[in-house]
Amino acid sequence: QVQLVESGGGLVQPGGSLRLSCAASGFTFSNYRMYWYRQAPGKERELVASISYAGSTNYVDSVKGRFTISRDNAKKTVYLEMNSLKPEDTAVYLCNVRLSTIYWGQGTQVTVSS
């Protein structure tokens, strides 16, 4: 079955960095675009970044220049490198793949606070 398992979240001070990972299984990872979303308390889920099977990327304007999405098809893992973190980046971060059904991981909490 399809599984997405995120890791790498935590508490970081403003200006700090984190690297999130999403390990995938149960489908042909290299064939699909992968997505990172985030959901802050009381807010709608927001698409943060995506990466195609070939490596082309897209970002929401608020993270451009600070976040980098990448993938390792051999490891079936997608990453989100987050730099210059701000308190407004605080959220649960989830990865997503769109097969015939949309699959979500369980999420990893990122808290940016001094």
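One is the number of the first residue; the rest follow in order along the sequence.
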Backbone of Ser30 reached by a side-chain donor or acceptor of Thr28 within 3.5 Å
no
Can you give each donor-acceptor pair under 3.5 Å made by side-chain atoms of residues 61-68, sequence neighbours left out, with the distance rounded to 0.1 Å?
from	atom 1	to	atom 2	distance (Å)
Asp61	OD1	Lys64	NZ	3.0
Ser62	OG	Arg38	NH2	3.4
Arg66	NH1	Ser84	O	3.0
Arg66	NH1	Asp89	OD2	2.7
Arg66	NH2	Ser62	O	2.9
Arg66	NH2	Asp89	OD1	3.0
Arg66	NH2	Asp89	OD2	3.4

Hey, are the side chains of Met82 and Leu80 touching, using non-hydrogen atoms and a 4.5 Å cut-off?
yes
Contact check, side chains of Val60 and Leu47, non-hydrogen atoms, under 4.5 Å
no
Determine all donor-acceptor pairs shorter than 3.5 Å in which one atom belongs to a side chain in residues 107-114; sequence neighbours excluded.
from	atom 1	to	atom 2	distance (Å)
Thr108	OG1	Gly9	N	3.1
Gln109	NE2	Ala91	O	3.4
Gln109	NE2	Thr111	OG1	3.3

Full working for side chain to side chain contact (heavy atoms under 4.5 Å, CB included) between Trp36 and Cys22:
CA-CA 9 Å; Trp36 279 103; Cys22 172; 3.7 Å; yes
What are the two closest heavy atoms between [X] and [Y], and how far apart are they?
{"X": "Lys43", "Y": "Gln39", "answer": "O-NE2, 3.3 Å"}
{"X": "Ile69", "Y": "Thr57", "answer": "CG2-CG2, 3.5 Å"}
{"X": "Asn83", "Y": "Ser17", "answer": "OD1-OG, 2.8 Å"}

Pairing residues for Tyr35 by the ring pair (Phe, Tyr, Trp, His ring centres under 6.0 Å) criterion, not counting sequence neighbours
none
What pairs with Tyr53 under ring pair (Phe, Tyr, Trp, His ring centres under 6.0 Å), at least two apart in sequence or on another chain?
none
Going by ring pair (Phe, Tyr, Trp, His ring centres under 6.0 Å), name the pairs with one or both residues in residues 87-114, residues two or more places apart or in two chains.
Tyr37-Trp104
Taking a hydrophobic cluster as the set of Ile, Leu, Val, Met, Phe, Trp and Tyr residues connected by side-chain heavy atoms closer than 4.5 Å, whether directly or through intermediates, do [X] and [Y] fall within one such cluster?
{"X": "Ile102", "Y": "Leu94", "answer": "yes"}
{"X": "Tyr79", "Y": "Leu18", "answer": "no"}
{"X": "Tyr59", "Y": "Val97", "answer": "yes"}
{"X": "Phe29", "Y": "Val2", "answer": "yes"}

How long is the span from the [atom1] atom in [X] to the [atom2] atom in [Y], to the nearest 0.5 Å?
{"X": "Arg71", "Y": "Ile51", "atom1": "CZ", "atom2": "CD1", "answer": "6.0 Å"}
{"X": "Ser21", "Y": "Lys75", "atom1": "OG", "atom2": "NZ", "answer": "9.0 Å"}
{"X": "Arg45", "Y": "Asn96", "atom1": "CZ", "atom2": "CG", "answer": "8.5 Å"}

Going by the side chain to side chain contact (heavy atoms under 4.5 Å, CB included) test, name the single residue among Arg33, Met34, Glu6 that passes it with Val78.
Met34
Just jot down the side chain to side chain donor-acceptor pair (under 3.5 Å) partners of Asp72, sequence neighbours excluded, or say none.
none
